[in-house]
Q: 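Here it is, the structure in full.
Just so it is clear: chains get the letters A, B, ... in the order the sequence lines come, proteins before strands, and each one is counted from 1.
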There are 2 protein chains.
Amino acid sequence: MMRDTCDETFELADFLPYLLNQAAEASGQEFQTIYKGRYGMLRTEWRVLFHLGIYGRMTAKEIGERAVIHKTKVSRAVQKLAARRFITRERHAADRRFEYLDLTTAGRAAYRDLHEVARQYDARLTSQFSAEETALLRSMLKRLAGGR
Amino acid sequence: MMRDTCDETFELADFLPYLLNQAAEASGQEFQTIYKGRYGMLRTEWRVLFHLGIYGRMTAKEIGERAVIHKTKVSRAVQKLAARRFITRERHAADRRFEYLDLTTAGRAAYRDLHEVARQYDARLTSQFSAEETALLRSMLKRLAGGR
DNA sequence: AGCTAACAGTTGAATTTGTAACTAACAAGG
DNA sequence: CCTTGTTAGTTACAAATTCAACTGTTAGCT
C-alpha cells in the first residue's frame, strides 16, 4: 500500500488547472469590463470579432474550431454581432450550408480599438516579467492549451 | 498619428488573458469529467470540498475570500454538498451569523479520492516540462492571479 | 432519380451563473 | 432598550450556457 511519501506539499493553490483558472479570471477581468462597457460585448462576441479581425473572412465553424468554442455559442455571438452591424453574413453560393462572416466598417473600427487596448493590456501584464520569462510562459500555455 | 510601428506580431493566440483561458479550459476539462462523473459535482463544489479538506473547518465567507468565489456561488455549492451529506453546517454559538462548515466522513473520502486524482493529474500535466519550468510557471501564475 | 448519412448552423428547454434585493444576527451610539 | 449600520448568508429574477433535437443543404451510394 503506497503512502504519501512524496509530494506531501501538494496544495490547492499549486494545482495547475486551479491556478490557471485563477490567473485567467483575474487577468481577464479588467479587459472584460472594457469590451463590455464600451461595446456591450460578451466574451464569445469579442473572440469572434478578433478572429475575423486578425484572420479575415471565415465561417462560424472555422471560428469554433480555432477558438475551441461550441457552435451554439458561436451562433449566438454571430447573431448579436450581426444585429449590431459589426459583421456581415454571406451564404456560400456553391455550398449553401456555409455562411461566410466578415467585419463591417464599424466592426473593423471596434476591432482596431479593442486590439489596441488588448495590446497595451498585454504589455502591462507582461511588464512584471522578463522577456524570457514571458516567452516561456506563452509557450508553456500554448502547450497546455493545445495538448490534446 | 501613431502607426503600428512596433508589435505588429501581436496575435490573438499570444494575448495572455486569451491564452490563460484556453490553457485553463483545456487542462480543466479532463479533471472536470472525473469529479462530475464520479460525484456529480460542479466546479465550485469541488473547490469548496478541497478548501475544507486541505485547510479544515471554516465559514462560507472564508472560502469565498480564499478562492475568490462570489458568496452566492459558495452558498449554492454548500447547499448541494450538504444535501449529498459531504459537509456539515454548524452555527457559531457566540455569533449566530457565522456557520462553520466541515467535511463528513463521506466528504473526507470523496476529498481524498479527488485529491489523489488531482495530484496525479497535476504530475502528468507538468511532466512535459522541467522542474524549473514548472516552478516558474506556477510562480508567474500566482503573480497573475494575485496581482490586483 | 431516390434513399441515407453527414454537415453547417439554429432553436428550445433545462442548468448554471450573475445582480440585486432580501433576511437574520450583531454592534455601537444615544 | 431602541435606532442605525454592518455583516453572513439566502433567495428571486434575469442573463448566459449547455445539451439535445431540429432545419436546410449537400454527398454518396444504389
Side-chain angles (χ1 to χ4, degrees), chain A residues 21-22 24-26 28-30 32-33 35-37 39-49 51-52 57-84 87-102, chain B residues 21-22 24-26 28-30 32-33 35-37 39-49 51-52 57-84 87-102:
Chain A
N21 226 57
Q22 298 291 86
E25 253 174 57
Q29 192 54 43
E30 191 174 333
Q32 179 185 31
T33 67
Y35 62 70
K36 199 171 181 178
Y39 299 101
M41 279 187 201
L42 256 27
R43 190 155 39 136
T44 307
E45 289 161 47
W46 162 105
R47 286 189 181 190
V48 168
L49 190 86
H51 268 269
L52 294 173
R57 174 183 149 99
M58 66 174 78
T59 68
K61 181 174 208 284
E62 281 179 79
I63 295 174
E65 279 167 358
R66 281 175 184 261
V68 196
I69 307 176
H70 195 256
K71 59 181 182 174
T72 63
K73 264 170 107 173
V74 176
S75 173
R76 281 167 174 137
V78 164
Q79 284 176 51
K80 284 203 187 162
L81 288 170
R84 280 174 221 273
I87 65 176
T88 56
R89 327 172 65 170
E90 188 193 339
R91 284 279 166 200
H92 188 54
D95 187 338
R96 296 181 42 71
R97 285 175 298 184
F98 292 89
E99 185 174 56
Y100 279 94
L101 310 169
D102 207 351
Chain B
N21 226 59
Q22 298 292 87
E25 253 173 57
Q29 192 56 43
E30 192 174 332
Q32 180 185 29
T33 66
Y35 61 71
K36 201 171 181 179
Y39 300 101
M41 279 186 202
L42 254 28
R43 189 156 40 138
T44 308
E45 290 161 46
W46 84 252
R47 285 190 181 189
V48 169
L49 190 86
H51 268 270
L52 294 174
R57 175 182 148 98
M58 66 174 78
T59 68
K61 182 175 206 290
E62 281 178 80
I63 296 174
E65 278 167 359
R66 281 173 184 262
V68 195
I69 307 177
H70 192 100
K71 59 180 182 174
T72 62
K73 264 171 107 173
V74 176
S75 173
R76 291 194 254 248
V78 164
Q79 285 177 51
K80 285 203 186 161
L81 288 170
R84 281 174 220 273
I87 64 176
T88 57
R89 326 172 66 170
E90 187 193 342
R91 285 279 168 199
H92 187 55
D95 188 339
R96 298 181 40 70
R97 284 174 301 183
F98 292 89
E99 186 174 54
Y100 280 94
L101 310 170
D102 207 351

Q: D:dT7 P sits how many Å from B:Lys61 NZ, rounded?
A: 8 Å
Q: Specify the separation, in whole Å, of atom CD1 of A:Ile69 and atom C1' of D:dT18.
A: 15 Å
Q: Rounded to the Å, how far apart are B:Arg97 CZ and D:dT10 C1'?
A: 15 Å
Q: Select one nucleotide: of D:dT6, D:dC19, D:dG9, the one nearest the side-chain heavy atoms of B:Thr59.
A: D:dG9
Q: Roughly how far, to the nearest 0.5 Å, is the NZ atom of B:Lys61 from the CZ atom of B:Phe98?
A: 8.0 Å
Q: Would you call the rings of B:Tyr100 and B:His92 parallel, tilted or perpendicular, taking 30° and 60° as the class edges?
A: perpendicular
Q: Distance from A:Glu90 atom CD to A:Leu101 atom CG, nearest 0.5 Å?
A: 10.0 Å
Q: Expressed in angstrom and rounded to an integer, what is the separation of B:Phe98 atom CZ from D:dT10 atom P?
A: 13 Å
Q: Please check the phosphate of D:dG9 (OP1 and OP2 only) for any side-chain N or O of B:Lys71 closer than 4.0 Å.
A: no
Q: Please determine, for the side chain of A:Arg96, which listed nucleotide (D:dC19, D:dT26, D:dG9) has the closest atom?
A: D:dT26
Q: Given atom NE2 of A:His70 and atom P of D:dC19, what is their separation to the nearest angstrom?
A: 7 Å
Q: Could you tell me if the side chain of A:Arg76 sits less than 4.5 Å from the side chain of A:Leu42, heavy atoms only?
A: no
Q: Heavy-atom nearest nucleotide on DNA chain C for A:Lys36 versus A:Glu99: which residue maps closer to 5'?
A: A:Glu99
Q: Please identify the 5'-most and 3'-most nucleotides of DNA chain C with any atom under 4.0 angstrom from a heavy atom of chain B.
A: C:dT16 to C:dC26
Q: Find out whether B:Val68 and A:Glu25 are in side-chain contact, i.e. whether some heavy atom of one side chain is under 4.5 Å from a heavy atom of the other.
A: no
Q: Which is more 5' along DNA chain C, the nucleotide nearest B:Thr44 or the one nearest B:Ala94? Just name the residue.
A: B:Thr44
Q: Would you mind telling me which residue lines up with the more 5' stretch of DNA chain D, A:Arg76 or A:Asp95, judged by nearest nucleotide?
A: A:Arg76
Q: What is the minimum heavy-atom distance between B:His51 and B:Ala67, and which atoms define it?
A: NE2-CB, 3.4 Å
Q: Closest approach to the side chain of B:Arg89, judged atom by atom: which nucleotide of D:dA20, D:dG9, D:dA8 is it?
A: D:dG9
Q: OP1 or OP2 of D:dT11 versus the side-chain N and O atoms of B:Gln79: is any pair under 4.0 Å?
A: yes
Q: Over all heavy atoms of both residues, which pair between A:Val48 and A:Ile63 is shortest? Give the atoms and the distance, please.
A: CG1-CD1, 3.9 Å
Q: Starting at the 5' end of DNA chain D, which residue's closest nucleotide do you reach first, A:Lys73 or A:Ala93?
A: A:Lys73
